[in-house]
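We name chains A, B, ... by the order of the sequence lines, and we start the count at 1 in each one.
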Amino acid sequence: MKTAVVLYTSDLRVHDHPPLRAALAACDRVVPLFVRDRAVERAGFAVPNRLAFLADCLADLDASLRGRGGRLVLRSGEVVDEVCAVVREAGAGEVHLAAGVSGYAQARERRLREALRSQGCALHAHDAVVTAVAPGALLPGGRGSDHFAVFTPYLRRWSALPPRPVAGAPRAVRVPEDIGSEEPPRRSRVTGTSPGLAPGGEGEARRLLTRWLRSGIARYEDAHDDLAADATSRLSPHLHFGTLSPVEAAERARTAGGPGAEAFVRQLCWRDFHHQVLAARPAAAARDYRARHDRWRTGRAAEEEVLAWKEGRTGYPVVDAAMRQLRHEGWMHNRGRLLAASFLAKTLYADWRTGARHFLDLLVDGDLANNQLNWQWMAGTGTDTRPNRVLNPVRQGLRYDPDGRYVHRWVPELAGLAAPRVHEPWRLPAAERARYDYPAPVVDLSEAQARFQEARRHP
DNA sequence: TTTCGTTTCGT
DNA sequence: CGAAACGAA
């Protein structure tokens with residue numbers, strides 16, 4: 001009787017799950033294991049929004065496994081210790097998991113492999129579980145480089161790759177009976193979550209994907225940047241927790257076809273792109289990918305401005321709308337992320353890490369690779385070789401929220417003010433402006449622009 | 001085969 | 001500015 005452990009991390013599903021399939025193919029019994037990792041808590045990544053979403057995911061995964069005759073085993077502690085303990089209890093000869101990209105995930109895999117070897121247990125890390133294409137599977141032509149630094153050539157190669165076949169969910173999962181498990185966490189017990197937080201779980205992910213492909217994706221190409229249209233897939237939390245397989249999402253989108261599908265698959269490729277950058281440069285999670293020698297503003301004034309940004313009261317309506325959506329939903333429209341990030345890093349000229357951290361504190365899809373590298377892209381320290389792009393929040397508002405509906409939704413103080421004026425309320429005559437209980441701009445745009453250009457001129 | 005210079009282009 | 005591709009050497 002052979003037994004395997006499947007360590008779940010960011011892959012909380014039963015469909016299209018190579019580690020689970022491999023374990024079932026090789027062994028009679030499998031222990032599906034999730035460890036609430038103390039190291040994740042120590043790093044401050046176990047935030048309410050994601051803990052609540054995670055609770056849904058674990059409950060759903062447990063239910064799916066029970067429907068197949070198994071169950072999910074839940075532990076908490078140091079991940080290596082807990083896996084080793086379960087391996088011992090189950091007499092397992094192999095452990096399967098999805099390969100991860102972050103420095104932490106890479107170290108975890110290394111430490112796990114070492115610890116298990118001394119117990120005579122093998123570790124199998126599976127590619128193309130967290131991403132559609134494994135980091136390092138595609139490399140640029142010229143020698144020396146271990147990753148792509150430009151998206152377009154990466155997309156070309158990524159698109160030409162034959163996709164890994166999508167694996168179905170297993171019919172049966174036989175789990176040894178004497179392996180103890182903790183109670184799964186309850187979503188309702190998590191405090192401090194965003195009121196409009198989306199539900200988690202693989203079932204929800206699959207319903208969302210089906211609905212998206214049937215009725216949402218068709219207008220994605222035209223409307224994905226329209227803040228009020230809210231025409232994005234909202235699949236990001238499911239991709240982050242792995243309740244949805246990126247391989248399956250891409251495959252089913254390609255089958256659905258059309259320009260919307262192509263634009264959506266392109267976003268899945270962006271996700272892989274950022275993962276392969278982080279896998280090759282794990283330090284980029286906390287340090288400039290390209291040093292631009294920025295002297296980010298510090299001190300009292302800057303801190304106050306950053307606080308106004310976090311609280312959605314910068315006086316720039318579309319920025320504030322985006323920041324309030326983040327607080328309320330634990331999610332933000334992608335266009336909102338871009339303009340909010342540009343505002344912090346370029347207009348306020350505050351350290352991108354401060355903004356990235358705030359996003360990770362609230363985003364239900366808060367993903368190290370996507371979040372940190374998109375922030376770096378916007379801050380001009382990322383892979384982009386043209387570091388001086390600044391998004392003007394007024395122009396962004398006029399362009400991506402032309403009728404002001406997004407601002408009206410999230411900044412109700414301005415609900416009575418029509419576009420285009422809603423994007424620059426400070427230009428209202430003083431008497432009229434006083435009717436709206438809305439702050440004046442924290443900084444002047446042209447002053448901010450000059451300050452930024454000046455700082456970049458003198459490294 | 002490998003290295004180097006040139007051209008193109010970048011969410 | 002600098003990555004990537006490509007063709008010349």
Side-chain angles (χ1 to χ4, degrees), chain A residues 132-133 135-161 217 219-227 229 231-233 235-236 239 246 250 253 259-281 284 288-294 318 322 332-343 345-346 352 355-356 359 365 367 369-393 395-397 399-401 452-453 455-459:
Chain A
V133 171
L138 297 175
L139 294 174
R143 74 271 89 159
S145 182
D146 53 359
H147 68 290
F148 273 90
V150 180
F151 175 69
T152 311
Y154 180 76
L155 172 66
R156 246 192 312 275
R157 297 274 307 279
W158 188 90
S159 304
L161 219 56
I217 202 168
R219 57 190 209 119
Y220 182 70
E221 200 198 16
D222 289 336
H224 73 275
D225 263 335
D226 184 326
L227 287 159
T232 66
S233 73
L235 288 168
S236 54
L239 289 162
E262 197 180 320
F264 172 68
V265 170
R266 186 186 168 88
Q267 295 306 311
L268 294 174
C269 181
W270 265 106
R271 190 173 167 274
D272 280 17
F273 174 75
H274 284 140
H275 279 73
Q276 60 95 44
V277 173
L278 188 64
R281 297 281 181 277
D288 291 352
Y289 176 87
R290 265 181 233 290
R292 302 290 187 190
H293 311 288
D294 287 286
V318 79
M332 197 196 287
H333 192 287
N334 177 248
R335 177 50 54 180
R337 299 185 195 205
L338 294 175
L339 77 245
S342 170
F343 191 84
K346 298 278 174 70
W352 64 267
F359 273 29
D365 59 37
D367 183 279
N370 292 326
N371 190 64
Q372 310 306 86
L373 291 166
N374 272 316
W375 266 96
Q376 291 223 44
W377 193 87
M378 213 53 260
T381 62
T383 53
D384 191 5
T385 54
R386 292 174 302 175
N388 292 328
R389 289 186 242 244
V390 182
L391 304 184
N392 179 313
R395 289 215 197 107
Q396 291 284 308
R399 184 160 175 201
Y400 299 113
D401 188 29
F452 174 72
Q453 295 298 345
R456 277 282 162 86
R457 247 195 304 279
H458 304 290

Engineer: Any idea which of C:dA3, C:dA5, B:dT11 is nearest the A:A149 side chain?
Structural biologist: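 Selected nucleotide (nearest to the side chain): C:dA3.
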
Engineer: What does A:N374 touch in the nucleic acid at a heavy-atom separation under 4.0 angstrom: a base, only the sugar-phosphate, or nothing?
Structural biologist: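 Contact class for A:N374: base.
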
Engineer: Would you mind reading off the distance between A:E221 atom CD and B:dT11 atom P, rounded to a whole angstrom?
Structural biologist: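 Atom CD in A:E221 sits about 17 Å away from atom P in B:dT11.
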
Engineer: Is there side-chain contact between A:P393 and A:L339, with at least one heavy-atom pair below 4.5 Å?
Structural biologist: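 A side-chain contact is absent here, since even the closest heavy-atom pair is not under 4.5 Å.
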
Engineer: Establish, with yes or no, whether the OP1 or OP2 oxygen of B:dT11 is under 4.0 angstrom from a side-chain nitrogen or oxygen of A:T152.
Structural biologist: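 True: A:T152 side-chain N/O within range (under 4.0 Å) of B:dT11 OP1/OP2.
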
Engineer: In whole angstrom, give the distance that lies between atom OH of A:Y220 and atom C1' of B:dT11.
Structural biologist: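 Taking atom C1' of B:dT11 as the reference, OH of A:Y220 is at 11 Å.
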
Engineer: As a test of reading the structure: which of C:dA4, C:dG2, B:dT11 is closest to the side chain of A:R266, going by heavy atoms?
Structural biologist: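 Looking only at side-chain atoms, A:R266 lies closest to B:dT11.
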
Engineer: I'd like to check, for A:W270, whether its ring lies over the base of B:dT11 with centroids under 5.5 Å apart and a plane angle smaller than 30°.
Structural biologist: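 Answer is yes, a stack.
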
Engineer: Let me know the distance between CZ of A:R386 and P of C:dA3, rounded to the nearest Å.
Structural biologist: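 Rounding to the nearest Å, CZ of A:R386 and P of C:dA3 are 14 Å apart.
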
Engineer: What is the distance, to the nearest angstrom, from the CZ atom on A:R156 to the P atom on C:dC6?
Structural biologist: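 These atoms are roughly 8 Å apart.
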
Engineer: Using Watson-Crick or G-U wobble geometry with both distances under 3.5 Å, which nucleotide pairs with B:dT1?
Structural biologist: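 Paired with no nucleotide.
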
Engineer: Applying side chain to side chain contact (heavy atoms under 4.5 Å, CB included), run through A:R337 and A:M378 and close with a yes or a no.
Structural biologist: CA-CA 10 Å; A:R337 299 185 195 205; A:M378 213 53 260; over 6 Å; no

Engineer: Please state how far atom CG in A:N388 lies from atom P in C:dG2, giving the value in whole angstrom units.
Structural biologist: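 About 12 Å, once rounded to whole Å.
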
Engineer: Pick one: which of A:H275, A:H274, A:Q372 meets side chain to side chain contact (heavy atoms under 4.5 Å, CB included) with A:D367?
Structural biologist: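 Single pass found, and it is A:H275.
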
Engineer: What is the distance from CG of A:D384 to P of C:dA3, rounded to the nearest Å?
Structural biologist: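 These atoms are roughly 11 Å apart.
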
Engineer: Take the protein atom CG of A:L391 and the nucleotide atom P of B:dT11, then report the distance between them rounded to whole Å.
Structural biologist: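 Roughly 14 Å, once rounded to whole Å.
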
Engineer: Any donor-acceptor pair under 3.5 Å linking the side chain of A:D288 with the backbone of A:T381?
Structural biologist: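 Such a contact is absent between A:D288 side chain and A:T381 backbone.
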
Engineer: Using whole Å, report how far CD of A:Q276 lies from P of C:dA3.
Structural biologist: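 Taking CD of A:Q276 and P of C:dA3, I get 14 Å after rounding.
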
Engineer: Tell me whether the side-chain N/O atoms of A:R456 come closer than 4.0 Å to OP1 or OP2 in C:dC1.
Structural biologist: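 No, no such contact exists.
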
Engineer: Between A:F151, A:W158, A:W377, which is the residue that forms a ring-ring contact (aromatic ring centres under 6.0 Å, His included) with A:W270?
Structural biologist: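 Going through the options one by one, the only one that passes is A:F151.
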
